[in-house]
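Encoded as structure tokens, the structure appears first; notes follow it.
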Amino acid sequence: MKIKDNAFNVEAKKTTIVQLEDLLAQPSDQKERPCPGCRFATPDGRTDRKATQFCSYSCPAAPKQMSSDPLQYPIEAGVVPITYAFYTLRKLMPCWSCEGHLDGLDRINKRPKVWFYSTSSFYPKLISQSLSQMEAEKRLTNSWMVKILPFSQSMYTITYSLEPFTLAKQKSERESLSTLRTDLITIADHLRPEVFKQAMAYIDRGSLTPFNSK
């Protein structure tokens, strides 16, 4: 079935465009520190605590700065890059993550994933489309997806999960876990530019999509 553009609410279209423009207006990690409340002194010891030239997921303070319980539960090394990438989007906030683990028989018993909230229900769609684009361009070894979780810390929010969908065949599950973690680094490296590209495409195609005001 084909749904005509005029079946969509005009106000909803405008709201989505505003949300996309708001996302695109968010500063990069080189303009504003992404980690919540970060006041980590820069390595040279001379620049002020708001400087951003050393900001990246390689920052030694990142695993603790990004955690709500930094002493007991710093972010696991394998998901530091993707957690950091979500923080650079600023409108999609990570709330739980796991780097993936093997059991005593070298089998994957926990797959890597990150849960996040979104200030707009449209933003997770941009994440999903970005994953599809990366997969189509053969940047990823495995298939990844975004899904809605049936629970949330608040009745007024929706929690999403970025997680593996299908795993490419490997010689061992240990190797599979390694490829999943490598995929997460790739996703982290491209997440913000890909999401922004998807957002700009929706705005640019406004006259040809349901976002066009009637």
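Only a predicted model underlies this, so the values are computations on that prediction, with no experimental measurement involved. Positions are given from 1 along the sequence.
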> Looking only at heavy atoms, which two atoms of Cys55 and Asp29 are closest? And how far apart?
Replying inline: CB-O, 3.6 Å
> Can you name the nearest heavy-atom pair linking Ile75 to Ser97, along with the distance?
Replying inline: CG2-OG, 4.0 Å
>> Can you confirm if the aromatic rings of Trp115 and Phe86 lie within a centre distance of less than 6.0 Å?
In response: no
>> Checking side-chain polar atoms at under 3.5 Å, does Lys125 have a donor or acceptor matched by the opposite partner on Tyr202?
In response: yes
> Tell me, do Cys59 and Phe54 make a side-chain contact under 4.5 Å, heavy atoms counted?
Replying inline: no
>> Within the 4.5 Å heavy-atom criterion, are Leu184 and Val114 side-chain neighbours or not?
In response: no
> Does the pair Leu191 and Tyr84 meet the rule for a side-chain contact (heavy atoms from CB on, under 4.5 Å), with working shown?
Replying inline: CA-CA 10 Å; Leu191 188 66; Tyr84 182 88; over 6 Å; no
> So which heavy atom on Arg90 is nearest to which on Ser28, and how close?
Replying inline: NH2-O, 3.1 Å
> About how many Å separate OH of Tyr123 and OG1 of Thr16, when rounded to the nearest 0.5 Å?
Replying inline: 9.5 Å
> Between Thr166 and Ser143, is any side-chain donor less than 3.5 angstrom from a side-chain acceptor?
Replying inline: yes
> Is there a side-chain contact between Tyr57 and Ile185 (heavy atoms, below 4.5 Å)?
Replying inline: yes
> Rounded to the nearest 0.5 Å, how far apart are CD1 of Ile82 and CH2 of Trp144?
Replying inline: 8.0 Å
> Can you tell me how far CD of Gln19 sits from CZ of Phe122, rounded to the nearest 0.5 angstrom?
Replying inline: 9.0 Å
> Considering only heavy atoms from C-beta outward, does the side chain of Pro164 approach that of Asp183 to under 4.5 Å?
Replying inline: no
>> Applying side-chain contact (heavy atoms from CB on, under 4.5 Å) to Thr119 and Asp22, what does each step give before you reach the verdict?
In response: CA-CA 11 Å; Thr119 59; Asp22 187 26; 5.8 Å; no
> Would you say Cys98 and Val79 make side-chain contact, with heavy atoms under 4.5 Å?
Replying inline: no
> Does any pair with a residue in residues 128-152 pass salt bridge (charged side-chain N to carboxylate O under 4.0 Å, His left out), and if so which ones, sequence neighbours excluded?
Replying inline: Glu137-Arg139, Arg139-Glu194, Lys147-Glu163
> Quick one: CD on Glu99 to CZ on Arg181, what's the gap to the nearest 0.5 Å?
Replying inline: 4.0 Å
>> Assess the residue pair His101 and Glu76 against the criterion (side-chain contact (heavy atoms from CB on, under 4.5 Å)); give the C-alpha distance rounded to whole Å, side-chain angles, the decisive distance to 0.1 Å, and a yes or no.
In response: CA-CA 11 Å; His101 298 280; Glu76 294 176 316; 3.0 Å; yes
> Once you round to the nearest 0.5 Å, how far does CZ of Arg107 lie from CG of Asn109?
Replying inline: 9.0 Å
>> Return the CG to CD distance between Leu140 and Gln133, rounded to the nearest 0.5 Å.
In response: 10.5 Å
